[in-house]
Every structure is written in structure tokens, then in C-alpha cells.
Amino acid sequence: MSVKIFVMTHKKFNSPADPTYVPLHVGRACAQDLGYLGDDTGKNISQKNRYYSELTGLYWAAYNETDADYIGLCHYRRFFLSDEGRLLSENEYKQMLEKADVILPKPIYHGNAYCEVYKEAHNIFDLNMTGEVIREKYPEMYPVFCEIISADKVYSGNLFVTSRNLFCEYADWLFSVFDEVEKRIDVEAYDAYHRRVFGFLSEQLLYVWVKSRGLKICERPVGLTQEKAETIELKQALCDMVSEGTLDGVQEALAMFRTTMKDRPDLMLGASDFSGELADMFRVLYVCEQELSAGQRGMFAITTDLFMLVRHYRLLCQIARNISQGADSPQERSYFKDSCVSEPLLSVMIGNNPDLKAAQQSLKALTAPV
């Protein structure tokens, strides 16, 4: 009995050495070849990747993979983990699938109904229309759909492992639903992020199908092995733009940040930006723009390395908190004073750390020239 886990990717990544894991380039029909197995051969919908995301890989695996007894989907940075926190081996998958029909990620409990969570981030019309199609095509499954979108239990990421037969049956069902939903919703006006509507919709539909079938589930933790590739790329691009310390470079970086966040708000989520650097990069860039516009070098007098400036900003915030609590050391107070904190920087620090408001005057005194 063999297990093959297809690792969905649209970027180069460090692929696991275990041959159980097979990188699959999704959307290869519309992208530069990465050198991996692609989803654009045989029976495929690779050209629909901008709407279907990793589902073009699921489609390819269902209708082209014939050797493996068990098939699974992971992502280039999301993998099922053992209790010890390492990637599962083929034998471990086999042992789990002897006792369960399908392996799913451990669910997330949002505290609110899934439909409300979906509505906050996407167009609820699309979810409702999907339910309508299920009611028409699979009326016996519609009550399960309603139950699941009204609950707060969420299986995310489209990660799962099951037998090849069940894998193919799920693909048949899912795409029969989406073939009809495609005719009833218009996503062309959506930005690049929200256009991936079928990838978002399918996350809960997998659970609808599993529960409707009465399948036995094995839930496993999922680990993130790296930040989202686009998040990493954005950080580096911002860093490159401001490396020479010019106002033009800072304004160009701010424009890129704002445009990117409008199209890809997910890049700042904790699962995408592990360190939370992007938010602080924006704050630092804003401060640098204000300083340079006023003819001050300000933070750039220290360094033009944006990553280092984020660390400097965070250190100043921590020292400011210590000062406000009367718990600072002479070395910290000296560092704060020697940093020549500008009015724009102090304003941003207090604006994003309300607990510093009461200490504003004492902090401002440390920024005054001697």
C-alpha cells in the first residue's frame, strides 16, 4: 500500500527529502515553469488556478494519479505533523488510515458561525449560492451544509489524506458543485486575492462531504514551515527600495505596501507573517517619510536597513514601556535619549501603544535636544 502526498506550490521551496511528498506546481499553465511536476498535463484545469488556487492540483491528482493507494494534499509551507512536531512518514500515514477514512487538520474554533466569519472576509453571496447548488443537486447533503456553516468549527487549508477511491469521489462531487456555481457567480470584479473564491469555498465543503458520507476522521496538527512566499518577497522588496535612504525610495515603498495590502490583506495575518514585521515596517516607513519630508535624517541616521530599523523601533517601544512603568535601566534610558527620537516617531509609538500615553511628557523630555 503506497501513500503519495502532493505538496501544492506556486513558488520554489525546500521540498521534504521523504519521497512520500511530491511537489506539484499548481497553475503551471499560466506561470513560469518551476521545474516541478505540473498540474497542466493530462486532464486538467490548470488555467483556472487564479480562481481555484490549490484545487487545480487536487483536480490533476484525482484524474491523473493512478499508482498510489492513498493520496493527500499539503502545501509548500503547511504539513501534517506527528506528536513530536515532525512531518509524518509514509508508515505513519498508513497506520492512521487503517483506523480512519480520512486525515484532516485539527479544526479551528472561531467562536462565531462560519458563515459570519466568511462574510467578514469574502462575499457571502458566493457561499449562499454554493449552498443553493448543493440543495438542488444533492438535497440530502444540504442540511449538513447548513449545520456546518452555522457552527464555529472550521477545517482550513484543503489539507487531507484518504484512499484514492475516496479522493476521486470527493473530486467528482466538489467539481460537479463548482461547475454549476461558476455559472451563477461573477468574480471578475474581485481583486487577485478574493478571485480565489473556489479555493476559499472548498475548505468547508470538504467537511460537508466527509460528514455527509459518515467517514471516520483522524485529526492531526498542521505545522507552518515558513512564512508565506509573497510575504517574504514583499518584505525584501520594501527593504531594497529604502536601502539608499531617500525620500523617493520611502514613498515608493509606502505605495507598494498600500497597493499590496489592498490586493492581499492575508499577507499580514499571523500565519503569513510570523514575526509581525510588516505592520512595523509600515510604521517605520511612515516615520521615515515624515522625517525626510521635514529635512531630518531621523531613523536613517542610524541605518537604512529596514529590518534593523524594525528591531530598533521595537526596542524603543519596549524601553518606553519600561520608562512608563519606572522599570527602565540607566542603559535603556541612555539608548532612548541617544536615539534622538523625533516627534513623528514618538507620535507613532504612542499611537500604537496607548499604555504610553500617560508617560508622554516624560518620554518627550528625553527627546528634547540637550
Side-chain angles (χ1 to χ4, degrees), residues 1-82 85-94 96-97 102-105 156-164 167-168 170-171 174-175 196 198-199 202-203 206 220-233 236 264 266-267 271-272 274:
M1 303 293 284
S2 61
V3 179
K4 188 173 288 187
I5 308 297
F6 288 104
V7 184
M8 309 289 105
T9 188
H10 61 296
K11 299 286 184 179
K12 278 282 191 180
F13 73 109
N14 293 322
S15 177
D18 186 339
T20 303
Y21 296 91
V22 180
L24 181 62
H25 182 177
V26 295
R28 192 172 72 170
C30 308
Q32 184 176 356
D33 188 4
L34 299 176
Y36 301 132
L37 175 67
D39 67 350
D40 58 343
T41 62
K43 186 177 181 181
N44 73 86
I45 56 169
S46 181
Q47 73 281 359
K48 291 186 177 182
N49 181 256
R50 65 176 181 161
Y51 308 110
Y52 279 81
S53 199
E54 65 271 5
L55 296 185
T56 61
L58 186 156
Y59 188 99
W60 184 92
Y63 302 120
N64 294 278
E65 170 56 43
T66 59
D67 296 331
D69 298 296
Y70 296 99
I71 304 176
L73 262 59
C74 287
H75 295 259
Y76 72 95
R77 66 190 197 99
R78 294 176 185 262
F79 295 88
F80 288 112
L81 300 180
S82 69
R86 53 177 172 71
L87 269 62
L88 294 174
S89 67
E90 182 177 35
N91 284 336
E92 287 171 318
Y93 281 119
K94 289 178 181 178
M96 294 173 189
L97 290 164
V102 60
I103 298 172
L104 294 178
S156 63
N158 287 312
L159 275 67
F160 71 108
V161 187
T162 190
S163 69
R164 185 162 62 86
F167 191 97
C168 293
Y170 171 61
L174 180 68
F175 291 107
R196 297 153 49 193
F198 297 104
S202 61
E203 291 182 316
L206 173 58
R220 297 301 309 168
V222 170
L224 291 164
T225 58
Q226 68 170 68
E227 292 184 323
K228 185 165 284 190
E230 291 86 350
T231 297
I232 296 172
E233 291 168 0
Q236 189 58 55
R264 294 297 305 273
D266 59 307
L267 299 189
S272 301
F274 294 172

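In what follows, every heavy atom counts, from backbone to side chain, and hydrogens, waters and symmetry copies are set aside. This chain uses plain numbering: 1 for the first residue, then up along the sequence.
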Phe80 versus Leu87: any side-chain heavy-atom pair under 4.5 Å?
-> no
Who pairs with Glu90 by salt bridge (Lys or Arg N to Asp or Glu O under 4.0 Å), at least two apart in sequence or on another chain?
-> none
His75: side chain to side chain donor-acceptor pair (under 3.5 Å) partners, not counting sequence neighbours | none
Got a second to check how far Leu81's CG is from Arg86's CZ, nearest 0.5 Å?
-> 9.5 Å
Gap separating the SG atom of Cys74 from the CG atom of Asn158, nearest 0.5 angstrom = 11.5 Å
Sequence neighbours excluded, which residues qualify as side chain to side chain donor-acceptor pair (under 3.5 Å) partners of Tyr170?
-> none
Check step by step if side-chain hydrogen bond (donor to acceptor under 3.5 Å, both in side chains) holds for Ser89 and Asn91.
-> CA-CA 5 Å; Ser89 67; Asn91 284 336; 5.4 Å; no
Which residues satisfy the side chain to side chain contact (heavy atoms under 4.5 Å, CB included) test with Asp266, sequence neighbours excluded?
-> Tyr193, Arg196, Lys228, Arg264, Leu269
Verdict with reasoning, Lys11 to Arg77, per side chain to side chain contact (heavy atoms under 4.5 Å, CB included) | CA-CA 10 Å; Lys11 299 286 184 179; Arg77 66 190 197 99; over 6 Å; no
Side chains of Leu58 and Phe160: does their closest heavy-atom pair fall under 4.5 Å?
-> yes
Carefully, step by step, assess Ile232 and Gln226 under the rule side chain to side chain contact (heavy atoms under 4.5 Å, CB included).
-> CA-CA 9 Å; Ile232 296 172; Gln226 68 170 68; 4.0 Å; yes
Within-4.5 Å side-chain heavy-atom neighbours: Phe175 and Ile45 = yes
Can you see which heavy atom on Glu203 is nearest to which on Gly157, and at what distance?
-> OE2-N, 2.7 Å
Shortest non-hydrogen pair, Ser82 vs Pro221, comes out as O-CG, 4.4 Å
Contact check, side chains of Tyr59 and Leu174, non-hydrogen atoms, under 4.5 Å | no
List the steps and the verdict of salt bridge (charged side-chain N to carboxylate O under 4.0 Å, His left out) for Glu92 and Arg220.
-> CA-CA 11 Å; Glu92 287 171 318; Arg220 297 301 309 168; over 6 Å; no
Within the side chain of Ser46, is there an N or O that forms a donor-acceptor pair under 3.5 Å with the backbone of Ala29?
-> yes
Would you mind reporting whether Arg164 and Asp69 have side-chain heavy atoms less than 4.5 Å apart?
-> no
If every non-hydrogen atom of Phe167 is compared with every non-hydrogen atom of Ala62, which pair is closest and at what distance?
-> CE2-N, 3.7 Å
Are side-chain heavy atoms of Ile5 and Phe79 found at a separation under 4.5 Å?
-> no
Is it true that a side-chain atom of Ser53 and a backbone atom of Leu55 form a donor plus acceptor pair closer than 3.5 Å?
-> no
The ring-ring contact (aromatic ring centres under 6.0 Å, His included) partners of Phe274 (sequence neighbours excluded) come to none
Only one of Asn64, Asn44, Asn49, Thr56 passes side chain to side chain donor-acceptor pair (under 3.5 Å) with Asp39, and that residue is Thr56
Got Leu104 and Leu206 here, is their nearest side-chain heavy-atom distance under 4.5 Å?
-> yes
Sorted by chain and number, sequence neighbours left out, salt bridge (Lys or Arg N to Asp or Glu O under 4.0 Å) with Glu65 holds for Lys4
Any residue meeting side chain to side chain contact (heavy atoms under 4.5 Å, CB included) with Lys12, in chain and number order, not counting sequence neighbours = Leu34, Tyr36
Listed by chain and number, what are the salt bridge (Lys or Arg N to Asp or Glu O under 4.0 Å) partners of Asp33, not counting sequence neighbours?
-> Arg28
Does Arg78 come within less than 4.0 Å of Glu54, counting only side-chain N to carboxylate O?
-> no
Shortest non-hydrogen contact between Gly38 and Thr41, atoms and distance | O-OG1, 4.0 Å
Return the set of residues passing side chain to side chain donor-acceptor pair (under 3.5 Å) with Thr231 (not counting sequence neighbours), or none when no residue passes.
-> none
Residues forming a side chain to side chain contact (heavy atoms under 4.5 Å, CB included) with Leu37, sequence neighbours excluded = Phe6, Val22, Leu24, Trp60
Residues in side chain to side chain donor-acceptor pair (under 3.5 Å) contact with Tyr52, at least two apart in sequence or another chain | Glu182
Distance in Å, Leu88 CG paired with Met96 CE, rounded so as to fall on 0.5 Å steps | 4.5 Å
Residues forming a side chain to side chain contact (heavy atoms under 4.5 Å, CB included) with Leu97, sequence neighbours excluded | Tyr70, Ile103, Val161
